[in-house]
Amino acid sequence: MSPKVSVVIPMMNEAENAAPLIGRIVTACADVEFEVVAVNDGSTDATGDELLKLAREDARIRVLQHPRPAGQSGAVHSGVRAARGAVCVTLDGDGQNPPEELPKLYGPLLADTTGKLGLVAGQRVDRQDTASKRWASKFANGLRARILKDGTRDTGCGLKGFRRDAFLALPFFNHMHRYLPALMRRDGWEIAHVDVSHAERAAGRSKYTNFGRALVGIYDLIGVAWLIKRRKTQTPTEITPDG
């Protein structure tokens, strides 16, 4: 039987966080049929070994391996493509996104009877990051919101839930995970937002710098704005000969 929910986790050099994080995910999702799809994104530490150990102990845990790092969006995309659930939820592999928040993401999607809800986006409150990281994020989110008008204050939050089919219909590009609200709205889906908590990193270190995010963000923002302007504006209805 296919699970209802697939929890997709991109992980790069997170050996110390793997077991505690997945253990908390298993507990948090106990109320639903689920699977965990952990994507080892070209790690050079023991992340792959830790994940395989967990998979041997629990058949609900699946492990994908990238031979070289593909980036967070690439890892998420690989995980969603392999997922068996109609609803996917994501969280970062560093432990800063509390797994206990996951039901807030998949709950509204499983309960949706309209077929219109495409994305539930987590919005971090009381962020446990450095002042420079919070400032950079606030500036980037403000600029993005003014240009894309996606109605989301925090697209960098790794906690997101979405319909698998809606996600896979989106155009893929690196860093797309930061623009899911705008891309989903572009395709006509409704978006919901939920406040989620945030934790300090327990082990390891961040793989990205604020300057690096800013550089790629400029190009991404221009590209997404272009995609929105070039969206398809009409949807056909089938007309049968007998009316």
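Since this is a predicted model, take the numbers as computed values, not measurements.
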Legend entry - Side chains of Arg60 and Glu33 in contact at under 4.5 Å (non-hydrogen atoms): no
Inset, instruction - Report, as yes or no, whether the 6.0 Å neighbourhood of atom NZ on Lys4 holds more than 12 heavy atoms from other residues, nucleotides or ligands. - result: no
Legend entry - Hphob cluster co-occupancy, Val76 + Tyr179, side-chain heavy atoms under 4.5 angstrom: yes
Inset, instruction - State, to 0.1 Å, how close Ser43 and Met12 come at their nearest heavy-atom pair, and which atoms those are. - result: OG-CA, 3.3 Å
Legend entry - Student check: side-chain heavy atoms of Val194 and Val120 closer than 4.5 Å: yes
Legend entry - Distance-minimising heavy-atom pair for Val26 and Phe34: CA-CZ, 3.8 Å
Legend entry - Nearest heavy-atom neighbours spanning Gly122 and Leu105: N-CD2, 4.2 Å
Legend entry - Side chain to side chain, Tyr106 and Cys88, heavy atoms closer than 4.5 Å: no
Inset, instruction - Quick one: closest heavy-atom pair of Asp94 and Asn17, and the distance? - result: O-ND2, 3.6 Å
Inset, instruction - Please answer: with hydrophobic residues joined when any side-chain heavy atoms are less than 4.5 Å apart, are Val5 and Val37 in the same cluster? - result: no
Legend entry - Nearest atoms (heavy-atom pairs only) where Gly79 meets Leu64: CA-CD1, 3.9 Å
Inset, instruction - Would you give the length of the straight line joining atom SG of Cys157 to atom NE2 of His177, rounded to the nearest 0.5 angstrom? - result: 10.5 Å
Legend entry - Ile22 side chain reached by Ile61 side chain, heavy atoms, under 4.5 Å: yes
Legend entry - Val8 reachable from Leu159 in the ILVMFWY side-chain graph, under 4.5 Å edges: no
Review item, side-chain donor-acceptor pairs of residues 164-173, under 3.5 Å, at least two apart:
from, atom 1, to, atom 2, distance (Å)
Arg164, NE, Val80, O, 2.8
Arg164, NE, Ala83, O, 3.2
Arg164, NH2, Arg81, O, 2.8
Asp165, OD1, Arg163, NE, 3.1
Asp165, OD2, Arg163, NH2, 2.9

Inset, instruction - Could you go through the side-chain hydrogen bond (donor to acceptor under 3.5 Å, both in side chains) check for Ser73 and His175 one step at a time? - result: CA-CA 5 Å; Ser73 284; His175 309 290; 5.6 Å; no
Inset, instruction - Start with the C-alpha gap between Gln65 and Asn40, add the side-chain angles, then the distance that decides, and say whether side-chain hydrogen bond (donor to acceptor under 3.5 Å, both in side chains) holds. - result: CA-CA 5 Å; Gln65 172 77 38; Asn40 181 21; 2.7 Å; yes
Legend entry - Distance (rounded to the nearest 0.5 Å) between Asp58 CG and Ile25 CD1: 11.5 Å
Inset, instruction - Check whether any side-chain N or O of Arg56 sits under 3.5 Å from a backbone N or O of Leu51 as a donor-acceptor pair, and report yes or no. - result: no
Legend entry - Under 3.5 Å: donor-acceptor pair, side chain of Glu101, backbone of Ser197: yes
Inset, instruction - List the steps and the verdict of side-chain contact (heavy atoms from CB on, under 4.5 Å) for Ser78 and His66. - result: CA-CA 9 Å; Ser78 292; His66 282 165; 2.9 Å; yes
Inset, instruction - Indicate, with yes or no, if Val89 and Met184 share a hydrophobic cluster defined by side-chain heavy-atom contacts under 4.5 Å among Ile, Leu, Val, Met, Phe, Trp and Tyr. - result: no
Inset, instruction - Just do the side-chain hydrogen bond (donor to acceptor under 3.5 Å, both in side chains) check on Gln72 and Asp41 with the steps written out, would you? - result: CA-CA 8 Å; Gln72 188 169 349; Asp41 190 29; over 6 Å; no
Legend entry - ILVMFWY network linking Val196 to Leu102, side-chain heavy atoms under 4.5 angstrom: yes
Inset, instruction - Please test Leu180 against Lys160 for side-chain contact (heavy atoms from CB on, under 4.5 Å), starting from the C-alpha separation and ending with a verdict. - result: CA-CA 9 Å; Leu180 285 186; Lys160 293 184 176 73; 3.6 Å; yes
Inset, instruction - Can you see which heavy atom on Arg84 is nearest to which on Ser6, and at what distance? - result: N-OG, 3.4 Å
Legend entry - Test item: Thr90 and Ile9 side chains (from C-beta on) under 4.5 Å apart, heavy atoms: no
Inset, instruction - Would you mind reporting whether Leu117 and Pro108 have side-chain heavy atoms less than 4.5 Å apart? - result: yes
Legend entry - Side chain Asn13, main chain Asp45, donor-acceptor under 3.5 Å: yes
Inset, instruction - Could you tell me the separation between the CZ atom of Arg24 and the CG atom of Asn97, rounded to the nearest 0.5 Å? - result: 10.0 Å
Legend entry - Steps toward side-chain contact (heavy atoms from CB on, under 4.5 Å) verdict (Trp189, Lys116): CA-CA 6 Å; Trp189 294 103; Lys116 296 179 180 179; 5.6 Å; no
